[in-house]
Amino acid sequence: MTLSVDALSAFVYAAELGSFSAAARRLGKSQSTVSEAIANLEIDLSNLLFDRGTRTPTLTPAGRLLLPQARQIMTASQDMQRQAAQLSAGVESRLTIVLSDTFQSETLENVACRLEARYPLLELECLAGEQEDVLDLILSGRAQLGLVGALDRYPPDIRHQRQREASELALFAAYRHPLAGMDRIDEQQLALHRQLRLNTYNDKNPAHAGQRQWYAPSYLMLLDMARLGVGWAELPCWLVKSFGGGELKQLDVAGWPKRMPVDLVWAANRPLGAAAGWLLEQLARPADDAQPNGQT
């Protein structure tokens, strides 16, 4: 037995709107067409769906039982049609973005809401990464777009665009750490204590390796290590405010806090789908200090 989606739609709308005529208007069909479709559906299901002995058709017990399944099939059919239309228009089924902990932006949050409304069937994946790890995910095709703390140099096959909003970073230590009790700290005093440093998966040979260095591939992991009191770390201020639990003190060091520009990055030689292209267009709006070769 093959059920007609049109007949199921007629059944659902007639039940929800209370009459065959109202269902016909919603579907843009004649009342006789809707009545015939429902009658044929009743034959296929071997059950009456509506009691026609009343002034307006009312659901039978079988109709009430089968209505939720009919609604699910109708919704799935509509979703499939929308997905097929998006695919034929070049909209990818999945979009992956890799994000740096340096970046928290109301602009990104607002754009994400509009992305969901514009592409409701898009599957979105967000990865976390820093520095070269972000570039590696982009170049390998694992992610289509990335946001990263601005690097001095980029590979030739990476395009980048400076974001309007920068990140603020400062030095932090747990309140029980010796540095937290000092009013003014210089570089020599910092050097006496272990530094918790960012080290990406892609960086096999840390430039500052030493006994006074511990490493982690993300700022969030560094934050957790700093909370343990085992060292001091350079961290995004927003991250400490949101996840520090009030356990970290910002250290008073000359030249800190610092502002870190953030870049949007993508592969130059790999075409983007419609959703990724739209998202790039929303985010890649030049800041005053944008790099010339990063313009879209």
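From a predicted model like this one, the values you see are computed outputs, not experimental measurements. Scope of the values below: all heavy atoms of this structure, side chains included, with no hydrogens, waters or symmetry mates.
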Which donor-acceptor pairs under 3.5 Å do the side chains of residues 65-74 make with protein atoms, sequence neighbours left out?
| from | atom 1 | to | atom 2 | distance (Å) |
| --- | --- | --- | --- | --- |
| Arg71 | NE | Glu16 | OE2 | 2.9 |
| Arg71 | NH2 | Glu16 | OE2 | 3.3 |

Give every donor-acceptor pair under 3.5 Å between a side-chain atom in residues 236-247 and any protein atom, sequence neighbours left out.
| from | atom 1 | to | atom 2 | distance (Å) |
| --- | --- | --- | --- | --- |
| Trp238 | NE1 | Asp101 | O | 2.7 |
| Ser242 | OG | Trp238 | O | 3.1 |
| Glu247 | OE2 | Arg227 | NH2 | 2.8 |

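Between Ala226 and Ala174, the shortest heavy-atom distance links the atoms O-CB, 3.3 Å. In this structure, Ala150 and Met260 approach most closely via the heavy-atom pair N-CG, 4.3 Å. The heavy-atom pair separating Gln131 from Val148 by the smallest distance is N-CG2, 3.6 Å. Here the closest non-hydrogen pair linking Ile38 and Ala10 is CD1-O, 3.8 Å. Nearest heavy-atom pair across Ala62 and Asn47 is CB-OD1, 3.8 Å. Contact detail for Met225 and Ala216: the closest heavy-atom pair is SD-CB, 3.8 Å.
Taken from CG in Leu171 to CG in Leu196, the straight-line distance is 11.0 Å, to the nearest 0.5 Å. Interatomic distance, CG of Asn40 versus CG of Leu3, reported as 11.5 Å (0.5 Å rounding). In this structure, the separation between CG on Leu145 and CG on Leu283 is 7.5 Å, given to the nearest 0.5 Å. With values rounded to the nearest 0.5 angstrom, Leu279 atom CG is found 7.5 Å from Leu264 atom CG. Separating the CG atom in Leu139 from the CD1 atom in Ile158 is a distance of 4.0 Å, to the nearest 0.5 Å. In this structure, NZ on Lys249 lies 10.5 Å from CE on Met182, to the nearest 0.5 angstrom.
Remark: the backbone N or O of Pro217 is not paired with any side-chain donor or acceptor of Glu130 at under 3.5 angstrom. Using a distance-only test at 3.5 Å, with no hydrogens or angles considered, a donor-acceptor pair links the side chain of Trp232 to the main chain of Leu190. Between the Glu92 side chain and the Ala276 main chain, a donor and an acceptor come within less than 3.5 Å of each other. Listed for the Thr60 side chain is a donor-acceptor partner under 3.5 Å among the backbone atoms of Leu48. In terms of modelled atom types and a separation under 3.5 Å, the side chain of Arg194 and the main chain of Val230 share a donor-acceptor contact. No donor-acceptor pair under 3.5 Å is formed between the side chain of Asp6 and the backbone N or O of Ser4.
Every residue was checked against the salt bridge (Lys or Arg N to Asp or Glu O under 4.0 Å) condition with Arg270, not counting sequence neighbours, and none meets it. Annotation: ring-ring contact (aromatic ring centres under 6.0 Å, His included) contacts of Phe172 (sequence neighbours excluded): none. Shown here are the side-chain contact (heavy atoms from CB on, under 4.5 Å) partners of Asp186, two or more places apart in sequence or in another chain: Gln188, Gln189. Under the salt bridge (Lys or Arg N to Asp or Glu O under 4.0 Å) criterion, Glu168 pairs with no residue at all, not counting sequence neighbours. Ala143 meets the side-chain contact (heavy atoms from CB on, under 4.5 Å) test with Thr96, Val98, Leu137, Ile138; sequence neighbours excluded. Among residues two or more places apart in sequence or in another chain, the salt bridge (Lys or Arg N to Asp or Glu O under 4.0 Å) test is passed with Arg153 by none. Partners of Tyr13 by ring-ring contact (aromatic ring centres under 6.0 Å, His included), not counting sequence neighbours: none found.
Grouping the Ile, Leu, Val, Met, Phe, Trp and Tyr side chains by contacts below 4.5 angstrom, directly or via other members, places Val5 apart from Leu45. Taken together through direct or relayed side-chain contacts under 4.5 Å among Ile, Leu, Val, Met, Phe, Trp and Tyr, Leu17 and Leu27 form part of one hydrophobic cluster. Note on Leu179 and Leu228: same hydrophobic cluster, where clusters join Ile, Leu, Val, Met, Phe, Trp and Tyr whose side-chain heavy atoms are under 4.5 Å apart, directly or indirectly.
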Might you work through the side-chain contact (heavy atoms from CB on, under 4.5 Å) test for Met221 and Asp224, ending with a clear yes or no? CA-CA 5 Å; Met221 292 181 69; Asp224 281 337; 5.7 Å; no
Set out, in order, the CA-CA distance, both residues' side-chain angles and the distance that settles side-chain contact (heavy atoms from CB on, under 4.5 Å) for Tyr219 and Leu169, then state yes or no. CA-CA 11 Å; Tyr219 282 111; Leu169 289 87; 3.8 Å; yes
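Aromatic ring pairs are classed by plane angle as parallel below 30°, tilted from 30° to 60° and perpendicular above 60°; the pair His160 and Tyr154 is parallel.
Side-chain contact between Glu234 and Trp256 is present, with heavy atoms from C-beta onward closer than 4.5 Å. Contact annotation: the side chain of Phe50 never approaches that of Thr58 to less than 4.5 Å [non-hydrogen atoms, C-beta and beyond].
Screening residues 139-150 for salt bridge (charged side-chain N to carboxylate O under 4.0 Å, His left out) gives Glu125-Arg142 as the qualifying pairs, with residues at least two apart or on separate chains. Identified under the side chain to side chain donor-acceptor pair (under 3.5 Å) test for residues 20-29, with sequence neighbours left out: Ser19-Ser21. Annotation: salt bridge (charged side-chain N to carboxylate O under 4.0 Å, His left out) contacts involving residues 45-62, sequence neighbours excluded, comprise Glu42-Arg52.
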